[in-house]
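In what follows, a structure is listed as C-alpha cells, so that the remarks can point back to it.
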Amino acid sequence: MIQAINEALDGEMQRDKKLILFGEDVEISLFGDTKGLVDKYGTDRIRNTPISETVMSGMAVGAAAAGFNVVCHMMFGNFMYTGFDSIANQASKLRYMTAGQISLPIVYMSVFGGGRSAAAQHSDAMHPLFMNLGGLKVVTPSSPMDAAGLLRASIRDPNPVIYLQAAGRGGELGEVPDEEFIVELGKAAVLRNGEDLTIVAIGAMVRPALRSVDFQKTEGVSIELIDPRTLVPLDKEMIFKSVRKTGRLIIVDEARDTCSAASHIAALCAEECFSALKAPIKRVTVNDIAIPYSPPLEKNVLPNEKRINNTVSEILKFA
Amino acid sequence: MADTNFSNDQMLKLYESMLRIRKVEEQLAKDSKEGNIPGAVHLYIGQEAVAVGVCSQLNDKDWIASTHRGHGHFLAKGGETRLLMAEVYGRDTGICRGRGGSMHVADFSKGIIGANGIVGGGISITTGAGLASKLTNDGSVAVAFFGDGAANQGVLAEALNISTLWQLPVIFVCENNGFSEFSPTNTVTAGNIVDRAKPYGTACETVDGNDVIAVWQCAERAKLRASRGDGPTLIEAHTYRQRGHVEAEASFLSKNYRDSQEIEGWVSKDPITLFEKRIVDAGQAKIEDLQVISRAMEAEVNEAVEFAEKSPYPDPGGNEQQYMFT
C-alpha cells in the first residue's frame with residue numbers, strides 16, 4: 001500500500017509542476033510514502049516543515065489560494081487536531097464564503113486508526129469530524145489499488161480533500177496495475193455480492209469484514225460487502241440499492257460510536273430504505289473511549305471478525 | 001512625524017484612501033445603530049493610516065490577509081466601496097454575494113485573500129501565500145494584517161519561525177490598537193509584541209501607526225527586504241481603536257471598560273486629522289481641496305448605500321450547495 005501511494009505521488013509530481021508537498025520529516029519519510037521524492041524534485045517542491053501543524057494547515061490554504069496544488073502531509077491523523085483551525089475554519093469554508101472566487105486544491109494526508117499499540121494520541125479514526133464540516137472531501141482507501149487511484153483523484157480534485165490511509169493496513173499487499181489509473185471520488189466498490197445482508201465497511205475495517213463475509217458464506221449466509229471508499233462524497237445510491245435488496249445492514253467503522261460515519265450511514269438508510277428493512281440496522285464501532293496501548297486492551301476495543309460475526313447472527317434472528 | 005518629499009498628488013491620494021475608509025465606516029456605524037445591516041461590524045476608525053500606508057506599497061499581485069476589522073484593508077487594497085457595502089448589507093451583488101458578510105470580504109482578483117473571523121486566522125494563510133510568491137518568483141509579497149490580540153495566538157510564533165527559516169517574502173503587520181476585544185492589551189500581553197521577532201532573527205520595526213507616511217516608509221523597507229530575498233519583517237504599528245470592539249457592544253456590556261480621557265487623547269491624534277493639517281501646513285493643498293475630496297467620498301458612500309439597498313438578497317430557493325465545491 002505504501003509503495004502504491006509513493007508511486008502515485010511520484011507520478012503526480014512528475015505530471016503537475018505546480019504540485020508541492022510539505023510536512024514533518026517528509027524528506028526522510030517516516031512511513032515510506034514520500035520516500036525518494038525530495039531527491040527527484042528538490043526542496044522547493046518536497047520540503048520538511050518544523051513541527052508546526054497550526055501554521056502548516058493554513059499555509060496549505062494560502063499556497064493553494066495563490067495558485068499551487070498542495071499536499072499537506074500531517075503524518076498521524078491525530079496531529080490534524082493540532083492543525084484543525086485552518087482545516088475547519090478556512091479550508092472547508094473559504095470557497096463558499098467568497099462565493100466561489102477561488103478553489104483550494106489541497107490534500108491533507110495522514111494515517112489514521114489503531115491496531116499498532118500507538119496509544120490514544122496516535123490511533124484515532126477522526127473521519128467523522130471532517131465529514132461534518134461540509135466543505136471537505138473525505139477519502140479512506142482500503143487496498144493498494146484504491147490507495148493509488150484515489151490519491152491521484154484527490155490530488156487532481158480542485159477541492160480540499162482529507163486523505164486518510166488506514167494505519168493498521170500500512171503493509172497491506174495487493175495488485176496495482178502498472179498503468180496510471182484513477183478511482184473517481186464518490187464511487188463505492190462492491191467487494192462481495194450477496195443476498196441476505198449488506199455490510200458497509202470503512203477503511204481498515206474492510207479486512208475483518210471480508211474475513212467475516214467469506215466465513216459466513218461457508219455457513220450459508222450470503223453477504224454483500226460494500227467499501228464506500230470515499231465518505232464525502234458518499235455513494236448513497238449504491239448502499240441504498242444493496243440494502244433494498246438484502247433488507248439488512250451492518251456498518252463497520254473504526255470511529256468512536258457517537259456520531260460515527262456508521263451512525264450517519266445508518267440514519268440515511270433508516271430514512272431512505274425503511275420499508276425494505278427486515279431487521280434493525282446494526283453498527284460495529286469503537287466504544288466512546290480512548291484507544292488503549294496494551295495489545296489485549298486495544299484488540300478488545302477495535303471491531304474485529306468475531307464482533308462482526310456475532311452481529312450477523314444477531315441480525316439474522318429477526319424474521 | 002516622518003519626513004517626506006511626496007508630490008501633492010501622492011499626498012492627496014493617501015488622504016483620499018484614508019477618507020474613503022472613514023466615510024464608509026461612519027456610514028456603517030450609523031447603519032448598525034439603525035438596524036440597517038443584518039450582522040455585527042467591527043470598525044477600523046482611527047487605524048486607517050496603517051492599511052493605507054502599507055497597501056499603497058502593494059499592487060494586485062501582492063497578497064493581503066486581514067482581520068475581523070477588515071473593511072479598511074479591503075478598501076485600501078483596491079476593493080470597491082459598493083461591493084463592500086452590498087456585502088455587509090447581505091445582498092447578492094456583494095463581493096461575496098452575501099455569503100461572507102463584514103468579516104469575510106475578499107477579492108482575489110485584487111490580491112485580497114480576505115478578512116477573517118478567526119483572530120490570527122490570516123497569519124498562516126499569508127505565510128502560505130508568501131511561499132507561493134517565493135516559488136513563483138514574481139516579486140510579489142504577502143502581507144498579514146492582525147491585531148495585538150492575534151499576536152497572542154501561537155500561530156504567530158510558528159509563522160515567524162518558518163517564514164524566517166525559509167526566507168519567505170512576508171510582511172507581518174501587527175496593529176496594536178490597545179485592545180484585545182474587550183480587554184486592554186497590557187492586561188493580556190507580556191512584553192513588547194515587536195520583540196517576538198527577535199528570537200527568530202526576523203527583521204522587525206515599530207512605527208507610529210497614526211502617521212501614514214511613517215507607515216508607508218516602514219512598509220517600503222519591509223517590501224524591499226522581502227522582494228530581494230531577505231525574508232519576512234514583523235512591524236508593530238501603534239495605533240488606537242477609537243470605536244468599540246464591535247458596534248452595538250453598549251447594548252450587551254454590563255460595564256464600561258474604556259477610559260474616556262484615553263479615547264479623547266487618541267482622537268486628538270487622529271491619523272486623518274493629523275494628515276490634513278500636515279498637507280495644509282506644507283502648502284500641498286488648501287482646506288477647500290480637501291473638502292472636495294471629502295464630498296467625493298461622501299458621494300461614493302451614498303452611491304454605494306443606494307446600490308446595496310436596491311440590490312436583491314440572494315435567493316434562498318437557489319442551489320444552497322453552490323460554491324461549496326468546484
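Because the structure is a prediction, the values reported are computed rather than measured.
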| task | Go through the atoms of A/A60 and report whether side chain, backbone, both or neither lie under 4.5 Å from a heavy atom of chain B. | result | neither
| note | Counting heavy-atom pairs under 4.5 Å with chain B, the top scorer among A/P105, A/G134, A/S57 is A/G134
| Is the number of heavy atoms from other residues, nucleotides or ligands within 6.0 Å of NZ (B/K61) greater than 12? | yes
| Looking at A/L94, A/V55, A/V61, A/T43, which one has more heavy-atom pairs under 4.5 Å with chain B than the rest? | A/V55
| remark: Note: vs chain B, highest number of non-hydrogen pairs under 4.5 angstrom among A/R45, A/K18, A/E53, A/K137 is A/K137
| query | Measuring heavy-atom distances to chain A, does B/I123 have an atom under 4.5 Å in its side chain, in its backbone, in both, or in neither? | reply | neither
| query | Take atom CG in A/N132; do more than 12 heavy atoms of anything else shown fall under 6.0 Å from it? | reply | no
| task | Carefully, step by step, assess A/T98 and B/Y323 under the rule side chain to side chain contact (heavy atoms under 4.5 Å, CB included). | result | CA-CA 8 Å; A/T98 60; B/Y323 306 131; over 6 Å; no
| query | Can you name the closest pair of heavy atoms from B/A132 and A/A66 and give their distance? | reply | CB-CB, 3.4 Å
| request: Name the region of B/T126, side chain, backbone, both or neither, that has any atom closer than 4.5 Å to a heavy atom of chain A. | output: neither
| field | Shortest non-hydrogen separation from B/M324 to A/R95 and the atoms involved | value | O-CD, 4.0 Å
| said: Quick check on A/L136 against chain B: is it the side chain, the backbone, both or neither that has a heavy atom closer than 4.5 Å? | reply: backbone
| task | Tell me, out of B/L131, B/T127, B/L135, B/V155, who's got the most heavy-atom pairs with chain A below 4.5 Å. | result | B/L135
| task | State whether the number of non-hydrogen atoms from other residues, nucleotides or ligands found under 6.0 Å of A/E180 atom CD is greater than 12. | result | yes
| field | Which atoms of B/N116 approach chain A - backbone, side chain, both or neither, heavy atom under 4.5 Å | value | side chain
| request: Identify which part of B/Q322 has an atom lying under 4.5 Å from any heavy atom of chain A, answering side chain, backbone, both or neither. | output: backbone
| field | Over 12 foreign heavy atoms within 6.0 Å of NZ, A/K17 | value | yes
| task | Measure across B/W166 and A/M59 and return the closest heavy-atom pair with its distance rounded to 0.1 Å. | result | CZ3-CE, 3.9 Å
| request: Evaluate the side-chain proximity of A/Q101 to B/I113: yes if any heavy-atom separation is below 4.5 Å, no if none is. | output: no
| message | With a 6.0 Å cut-off (strictly less than), is the heavy-atom count around NZ of A/K35, excluding the residue itself, greater than 12? | response | no
| message | Ignoring hydrogens, what is the shortest heavy-atom contact between B/G121 and A/Q90? Give both atom names and the distance. | response | CA-NE2, 3.8 Å
| message | For chain A, which candidate among B/S140, B/A129, B/G114 shows the most heavy-atom pairs at distances under 4.5 Å? | response | B/A129
| task | Would you indicate whether B/L165, at its atom CG, is surrounded by more than 12 heavy atoms from other residues, nucleotides or ligands within a distance under 6.0 Å? | result | yes
| For B/F325 and A/N159, which heavy atoms make the closest approach, and how far apart are they? | CA-OD1, 3.3 Å
| message | I'd like to check B/Q153 versus A/T54 (side-chain heavy atoms, cut-off strictly below 4.5 Å). Are they in contact? | response | no
| field | Minimal non-hydrogen separation, B/S124 against A/S86, with atom names | value | OG-OG, 3.4 Å
